[in-house]
Amino acid sequence: MDKTYQPSAIETNWYKTWEDNNYFAPSGEGEAYSMVIPPPNVTGSLHMGHAFQHTIMDTLIRYQRMQGKNTLWQVGTDHAGIATQMIVERKLAAETGQTRHDLGREAFTDKIWEWKEESGGNITRQMRRLGNSVDWNNERFTMDPEFQASVEEAFINLYDDGLIYRGKRLVNWDPKLHTAISDLEVESKEVKGKMWYLRYPLADGVTTDAGEDHIIVATTRPETMFGDTAIAVNAEDPRFQSIIGKFVELPLVGRKIPIIADEHADMEKGTGCVKITPAHDFNDYEVGKRRQLPMINVLTLNADIRQVGQGFNSDGSVNDEINCYIPEQFHNMERFAARRAVVAEFEALGFLVKIEENNMTIPYGDRGGVVIEPMLTDQWFANAKVLAQPTIEAVENGDIKFVPKQYENMFFSWMRDIQDWCISRQLWWGHRIPAFYDAQGKVYVANSEQAAREKYNLTADIELTRDNDVLDTWFSSGLWSFATLGWPEQTDDLETFHPTDTLVTGFDIIFFWVARMMMMSMHLCKDRAGKPQIPFKNVYITGLVRDESGEKMSKTKGNVLDPLDMIDGISLEDLLEKRTGNMMQPQMAEKIRKRTEKEYADGIPAHGTDALRFTLAALASTGRDINWDMKRLEGYRNFCNKIWNAARYVEMNTAGEDCGQNGGDITLSLADRWINSKLQHIQTQTAKYIDEYRIDLAAQTLYDFIWNEYCGWYLELSKPVLWNEEASASEKRGTRQTLVRVLEVIMRLTHPIMPFLTEEIWQSIKGQAGVSGDSIMLQSYPKANNDKLDLAAEADIEWLKGVITGVRNIRGEMAISPAKELSILINNGSDTDLQRLNDNRNFLMKLASLADITWLSAGDEAPMSATQLVGKMEVLVPMAGLIDKDAEISRLNKEIEKLDKDIGRIEGKLSNQKFVANAPEAVVAKEREKIAGFKSSQQKFVEQRAKIAAL
RNA sequence: AGGACUAUAGCUCAGUUGGUUAGAGCGCUACCUUGACAUGGUAGAGGUCCCCAGUUCGAAUCUGGGUAGUCCUACCA
């Protein structure tokens with residue numbers, strides 16, 4: 001082994017070996033355990049959130065593989081409709097100045113495929129670098145022909161079951177991207193806006209009870225008034241009783257529109273009169289449907305004012321009778337310009353009553369970033385209510401469990417109130433909807449024109465055209481758990497690996513993806529008995545990885561960290577280029593530059609994959625976000641180095657030596673028995689924690705055991721045996737064997753979290769450890785063996801540690817050089833103490849660096865000494881020539897004071913009659929025992945202090 | 001408006017069913033190149049467990065009410 005730990009050298013080699021040998025593929029033996037990777041955008045790159053989730057998933061799958069399961073970790077990428085199309089459109093614009101329309105649909109999608117080929121390898125390269133043991137043989141892309149076929153099949157299935165329909169509905173329309181989007185893709189933002197109070201004159205000479213010849217409506221969207229088709233007031237509102245059923249004359253347009261009563265109108269809000277614009281507001285749309293109001297669309301798909309409105313009846317059919325006039329001065333005006341123009345016109349007419357500042361939340365498209373417009377368009381919808389029902393039951397009855405559990409509430413509240421899901425997108429990149437239309441617009445759903453003709457018995461003279469729209473990306477990723485396994489065919493893989501076991505993903509896509517996968521799977525995927533199949537049994541929801549100051553990582557903030565840079569390191573120049581190059585908002589570049597230069601003055605050094613993974617694992621407590629901490633990464637890099645060096649020590653002392661592989665007598669030292677016993681606890685705990693998804697506790701347990709117990713104590717305790725010329729062959733054999741076998745077990749225990757380092761070390765010690773195999777990843781996960789528990793040895797070592805720490809404490813406090821060998825005395829020891837001393841003299845001498853140890857019998861005179869207590873036994877370091885009188889007194893004072901506090905606290909408890917009466921006896925006894933110990937210790941220290949003071 | 005989560009050492013975080021001397025890493029102080037490791041070792045300092053009230057013999061932990069922060073959902077004429 002090299003003298004220094006160099007992660008990059010070992011990491012790339014091992015991954016290649018594993019992959020070349022097909023170790024990631026299902027073994028075909030044992031109980032099945034499967035997971036799907038949340039498919040990342042094919043053209044994207046992995047960020048810290050991916051690295052976090054992938055670490056958890058890889059830890060789980062490696063653990064399960066080592067448990068002997070038949071594991072499948074399904075890998076693949078998503079075509080990510082809008083996101084990818086946008087990237088390529090932007091690229092096209094930058095390079096040639098063309099839009100997608102200049103190229104046309106086919107040529108443009110070819111461009112996207114080109115881009116996918118060019119950049120698509122990036123993300124899979126990164127996965128390999130992270131060590132993900134995914135089954136590459138089974139890699140899928142959502143636009144693969146087989147997957148496309150599954151998507152079409154799913155659509156047709158749902159359509160034939162009456163769960164997909166097409167209709168003219170009000171949907172969220174992105175006027176920049178020119179597509180409908182789902183409710184979930186809309187982000188609300190708080191903005192300061194205005195509310196305008198507009199006067200609408202009453203028609204036919206009608207007046208209100210108050211004698212007014214007009215009413216006043218309040219609106220935040222005056223430009224939609226061309227589409228007003230009613231005014232609503234509350235039926236209970238005393239102010240407007242007499243005008244219900246009468247009309248107003250819509251200013252600027254002249255259309256007479258009715259005043260209706262509807263519960264939507266709130267007497268408390270605004271003026272009590274609401275203008276109803278069914279084609280441009282979701283609430284008004286509902287009112288319109290309820291009251292059979294016509295709808296007038298006044299906006300183009302760009303959200304500009306039309307030249308003439310489009311009239312529809314409330315059922316969506318065309319209404320060519322209604323007056324859809326829009327004054328010429330507003331034609332083709334952009335919506336916000338039109339807003340100002342309409343207000344100006346009202347003002348000119350004297351119809352503008354007042355303007356108020358108004359805080360409101362406005363919907364923005366999460367991709368395009370512009371204000372979303374409710375738009376009346378023909379779209380495809382999935383009946384989400386029906387699809388949701390079984391999934392709610394599956395979570396209620398525990399078939400699907402969320403970790404942490406509180407996400408179930410979030411899931412329920414959304415699912416129980418779910419709205420129909422708009423699944424069509426007016427994009428070019430995606431799964432084209434398998435629907436055909438004849439000249440009359442009648443719909444035929446089938447996966448090809450040929451199939452449509454057969455299915456619907458259409459004669460050849462009927463011309464069919466295919467729907468131009470594509471499906472929402474989440475429609476296809478909703479099929480991910482089973483379409484990747486060959487659905488709709490009933491394949492063996494589907495039989496074996498579905499439902500999958502655990503889904504690991506972020507809370508931000510519970511609705512987008514997790515819920516959709518559940519709906520799709522439970523409707524489409526049935527087991528042999530016809531029972532709906534859940535897609536997964538457990539959903540492990542991870543938090544977000546944030547930056548050091550708790551901010552979300554984002555390109556615009558310039559605080560994004562690339563996991564690969566943590567692994568391989570990056571120079572400041574490259575990091576700056578990465579963060580400020582190719583920015584959407586170049587004005588931020590300077591700020592980002594400064595911040596980056598300050599935080600990473602020397603760039604980022606390489607830490608290796610294992611260190612990154614261990615850090616993420618250690619931070620993975622459930623139900624909480626992670627604030628990334630570079631220091632923590634450094635600490636775990638040091639941990640890797642620690643393991644490396646410990647392994648070097650083991651190798652030096654065992655390679656080519658007799659470790660008992662070939663038989664021979666074995667004598668285990670106390671330390672050997674102790675570390676073996678401790679190891680059993682660790683094995684139990686680690687497995688338990690991983691089973692409970694507490695990877696952080698598993699990591700913490702391993703860290704503590706390896707560093708503090710194995711390296712800190714055991715390796716030191718092995719030296720007095722291995723370097724002792726008087727030790728017997730069987731004693732040395734026993735210690736060598738323990739040294740290397742414990743390390744071998746530690747490597748297997750740690751392998752799921754840190755695959756590379758553990759493989760490298762395992763390979764170089766497996767011979768001495770007496771094990772064989774091609775790779776640690778195919779070895780079994782260690783299991784505790786209770787026969788190896790040795791509580792007596794554990795107690796003995798605790799005693800030993802107490803004595804050694806006691807001496808070291810005196811050394812430290814008294815500033816005695818570690819090089820100075822001390823002669824100590826033991827006073828007031830019991831028979832057990834004497835036994836332990838005699839058994840472990842060698843260990844004590846070496847670890848506390850002593851010259852000799854003198855056992856004082858009763859009546860022996862002790863010299864003036866600094867004292868430490870191990871139970872009742874006194875460890876004495878003679879002061880003569882070493883220790884200053886005042887220093888020892890002040891050290892004793894400190895001890896006495898500390899004990900004072902403890903004694904006071906416990907005395908308080910014990911003098912409380914209620915405590916003594918009510919607390920369990922064991923608890924009371926424990927307190928009594930404690931206080932007795934404290935008191936006797938304190939007594940000793942006080943006596944000692946008096947003696948020293950008397951000098 | 002409704003809901004969820006979070007608040008523990010200077011920083012980042014653990015703390016399982018109420019009983020611990022409240023822990024870890026980093027940082028800090030002092031000392032130490034001892035034959036695995038200075039990416040190290042030894043010893044040490046550092047806490048009003050956000051606040052108030054309650055339940056209890058006993059609360060970081062349970063209940064109620066605040067405060068601060070994060071997030072989700074809905075609405076806003």
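A note on names: the letters A, B, ... follow the listed sequences, proteins ahead of strands, and every chain is numbered from 1. Just so you know, these numbers come straight off a predicted model, no measurement behind them.
- B/rU61 is unpaired under the criterion used here, namely a Watson-Crick or G-U wobble arrangement in which both key atom distances are under 3.5 Å.
- Side-chain N/O atoms of A/Q938 and A/D900 include a donor and acceptor closer than 3.5 Å.
- Nearest nucleotide to the A/V923 side chain, out of B/rG19, B/rA14, B/rG25: B/rG19.
- Using a 4.0 Å heavy-atom criterion, one finds that A/R811 contacts no nucleic acid atom at all.
- As judged by a 4.0 angstrom heavy-atom cut-off over every strand, A/A232 is placed among residues making no nucleic acid contact.
- Looking at heavy-atom distances under 4.0 Å, A/R648 makes contact with sugar-phosphate atoms alone, never a base.
- Scanning atom types as modelled, no donor and acceptor separated by under 3.5 angstrom connect the side chain of A/E813 and the base of B/rA30.
- A/S849 and A/R811 share a donor-acceptor pair across their side chains, judged by distance under 3.5 Å alone.
- Within the nucleic acid shown, A/T805 comes within 4.0 Å of sugar-phosphate atoms alone, with no base atom in reach, counting heavy atoms only.
- Listed nucleotides: B/rA36, B/rU21, B/rG40. Nearest to the side chain of A/K719: B/rA36.
- The ring of A/W707 does not lie on top of the base of B/rG25; it is either too far (5.5 Å or more) or too tilted (30° or more).
- Checking each of A/F705, A/F614, A/Y5, A/W644 against A/F639 for a ring pair (Phe, Tyr, Trp, His ring centres under 6.0 Å) leaves exactly one that passes, namely A/F614.
- Nearest nucleotide to the A/N912 side chain, out of B/rA14, B/rA36, B/rC57: B/rC57.
- Taking the six-membered ring for Trp and thresholds of 30 and 60 degrees, A/W723 and A/Y649 have ring planes more than 60 degrees apart, a perpendicular arrangement.
- If you check every strand for non-hydrogen atoms under 4.0 Å, A/K901 touches nothing.
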